[in-house]
Amino acid sequence: MEQRRFSGKGHWYHETQTNHCPDDVLPLVPEAAHVEDRFLLDLALPVDIVTPCESWLNPARALCHLLFPLQVPVNRLHTLSAYDRLSTALTVAQACGVQRLCNHYAALLAPLPGPDSSRESNQRLAQITQYARQLASSPDIIDGKAQLQLDEVGLTTFDMIVMNQIIGFVGFQARVVAAFQALLGHPVRWLPGHHIPPHAALNEINTSEWEPIFPGVELRYATAAQMESLSRWQTEPLLRDLTPVLCHESALLDLTGEILTSGIQQANLRYGTYTSVSGATELLARSPDRFSAAQFTPLIDEGIPAVEAINLLSWEAFYGWLSRLHIALNKGE
């Protein structure tokens with residue numbers, strides 16, 4: 001629920017993410033909020049590695065600013081505050097166990113005013129937090145009931161689209177940061193003994209029986225930006241079914257699509273049969289907190305260039321984002 005601190009103001013935790021043991025409380029790192037690159041969090045990376053990835057890193061960076069402005073006007077149709085968005089991002093970062101990302105979102109969240117202390121606000125935040133954790137780590141349990149519970153605490157169609165994009169995006173960000181840290185030989189998790197259960201495996205995207213839970217944008221009411229996004233992304237196979245729904249927030253859809261069409265997936269097509277690839281991508285998908293140089297180095301040893309290895313791992317992370325959107329926005333049972 002609401003962020004709380006113990007031992008003065010030097011620690012934070014999410015109430016729904018803890019067992020109330022002081023030993024599990026994490027240090028708050030205020031300086032983690034101040035980074036130039038809000039996606040890669042100012043990792044000191046070689047230029048010859050980053051530059052070839054700019055085609056998909058740039059829209060990812062733009063999404064950080066679009067999803068997480070420090071001031072968000074709320075109204076009847078858009079009720080997710082800046083606090084709600086960053087609280088959701090922190091929940092996903094914690095579920096992934098990437099400490100650098102936890103520090104960043106915790107530091108951004110700390111100075112913001114939280115919701116009031118009413119029972120309704122507490123239930124709303126608890127439901128958002130539970131849903132974010134489930135979709136991030138156990139997407140196989142997301143169903144119509146989970147979606148109905150969000151509706152019951154007052155989330156609108158626009159809120160749920162933004163929230164699902166946040167959950168998918170931060171999971172993608174966590175895995176990309178983990179991959180880059182593995183390239184540098186840095187540890188991902190800095191908390192010895194802090195156990196994070198592995199994430200559920202994701203199945204291949206199957207749209208044959210997929211039915212959206214929300215109606216798509218009505219053409220007669222669509223804005224020019226929405227019409228342009230509809231035309232642009234309905235031709236992309238992996239976005240075709242999602243486009244009419246995601247188009248309610250067309251700016252988010254456009255940047256998501258730009259990552260997809262950046263060429264990030266080409267390494268997966270070239271190196272998908274290498275023996276070290278399946279082990280690396282599976283561990284990154286299920287336990288990003290455990291991904292390290294021990295999984296990255298064998299890719300290089302098999303002859304995969306470092307840039308291609310980063311693209312391969314980042315594509316798998318992006319595919320996980322799309323898979324979660326298909327699960328979350330499916331009408332289900």
Any sub-3.5 Å donor-acceptor pair from [X]'s side-chain atoms to [Y]'s backbone N or O?
X      : Y      : value
Asn122 : Arg119 : no
Tyr319 : Gln265 : no
Asp37  : Asp42  : no
Ser287 : Leu283 : no
Arg286 : Pro198 : no
Arg324 : Ala136 : yes
Gln295 : Ser292 : yes
Arg100 : Val177 : no
His248 : Pro215 : yes

Rounded to the nearest 0.5 Å, how far does [atom2] of [Y] lie from [atom1] of [X]?
X      : Y      : atom1 : atom2 : answer
His65  : Leu67  : NE2   : CG    : 11.0 Å
Leu284 : His199 : CG    : NE2   : 10.5 Å
Ile205 : Leu238 : CD1   : CG    : 5.5 Å
Phe291 : Cys96  : CZ    : SG    : 13.5 Å
Asp301 : Phe296 : CG    : CZ    : 11.0 Å
Leu253 : Leu239 : CG    : CG    : 6.5 Å

Within-4.5 Å side-chain heavy-atom neighbours: [X] and [Y]:
X      : Y      : answer
Leu246 : Asn164 : no
Gln130 : Gln149 : yes
Gln226 : Ser229 : no
His104 : Arg38  : yes
Phe180 : Leu40  : yes
Ile304 : Val277 : yes
Met163 : Asp159 : no
Leu260 : Trp233 : no

Please tell me whether [X] and [Y] are part of a single hydrophobic cluster in this structure, the criterion being side-chain heavy atoms less than 4.5 Å apart.
X      : Y      : answer
Ile161 : Leu230 : no
Val245 : Val217 : no
Leu242 : Met227 : no
Tyr83  : Val72  : no
Leu312 : Leu184 : yes

Looking at [X] and [Y], what are the two nearest heavy atoms and their distance?
X      : Y      : value
Ser87  : Leu109 : N-CD1, 3.9 Å
Ala317 : Arg175 : CB-CB, 3.6 Å
Asn203 : Ser323 : O-OG, 4.2 Å
Ile167 : Ala132 : CD1-CA, 3.5 Å
Leu325 : Gln165 : CD1-OE1, 3.6 Å
Ala200 : Ser138 : CB-CA, 4.2 Å

Check step by step if side-chain contact (heavy atoms from CB on, under 4.5 Å) holds for Leu80 and Val74.
CA-CA 7 Å; Leu80 286 182; Val74 296; over 6 Å; no

Any luck finding a side-chain donor-acceptor pair between [X] and [Y] under 3.5 Å?
X      : Y      : result
Glu236 : Thr261 : no
Ser121 : Ser118 : yes
Asn58  : Arg61  : yes
Ser276 : Glu302 : yes
Asn311 : Tyr271 : no
Asp143 : Gln147 : no

Geometric class of the [Y]/[X] ring pair [parallel <30°, tilted 30-60°, perpendicular >60°]:
X      : Y      : value
Phe172 : Trp321 : tilted
Phe158 : His78  : tilted
His326 : Trp210 : perpendicular

Heavy atoms from other residues, nucleotides or ligands near CD of Glu228 exceed 12 (cutoff 6.0 Å)
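At most 12 heavy atoms, drawn from other residues, nucleotides or ligands, come within 6.0 Å of this atom.
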
Taking it one step at a time, do Leu313 and Leu299 satisfy side-chain contact (heavy atoms from CB on, under 4.5 Å)?
CA-CA 10 Å; Leu313 295 168; Leu299 301 177; 4.1 Å; yes

Could you walk me through whether Tyr131 and Thr88 pass side-chain contact (heavy atoms from CB on, under 4.5 Å), step by step?
CA-CA 9 Å; Tyr131 178 86; Thr88 300; over 6 Å; no

Only one of Arg85, Gln94, Gln173 forms a side-chain hydrogen bond (donor to acceptor under 3.5 Å, both in side chains) with Tyr105, so which one is it?
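Output: one option passes, namely Gln173.
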
Quick one, Phe169 with Ile166, criterion side-chain contact (heavy atoms from CB on, under 4.5 Å). Give me CA distance, side-chain angles, the key distance, then yes/no.
CA-CA 5 Å; Phe169 172 76; Ile166 286 173; 5.8 Å; no

Arg232 bridged to Glu258 by N-O distance under 4.0 Å
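Yes, charged N to carboxylate O under 4.0 Å.
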
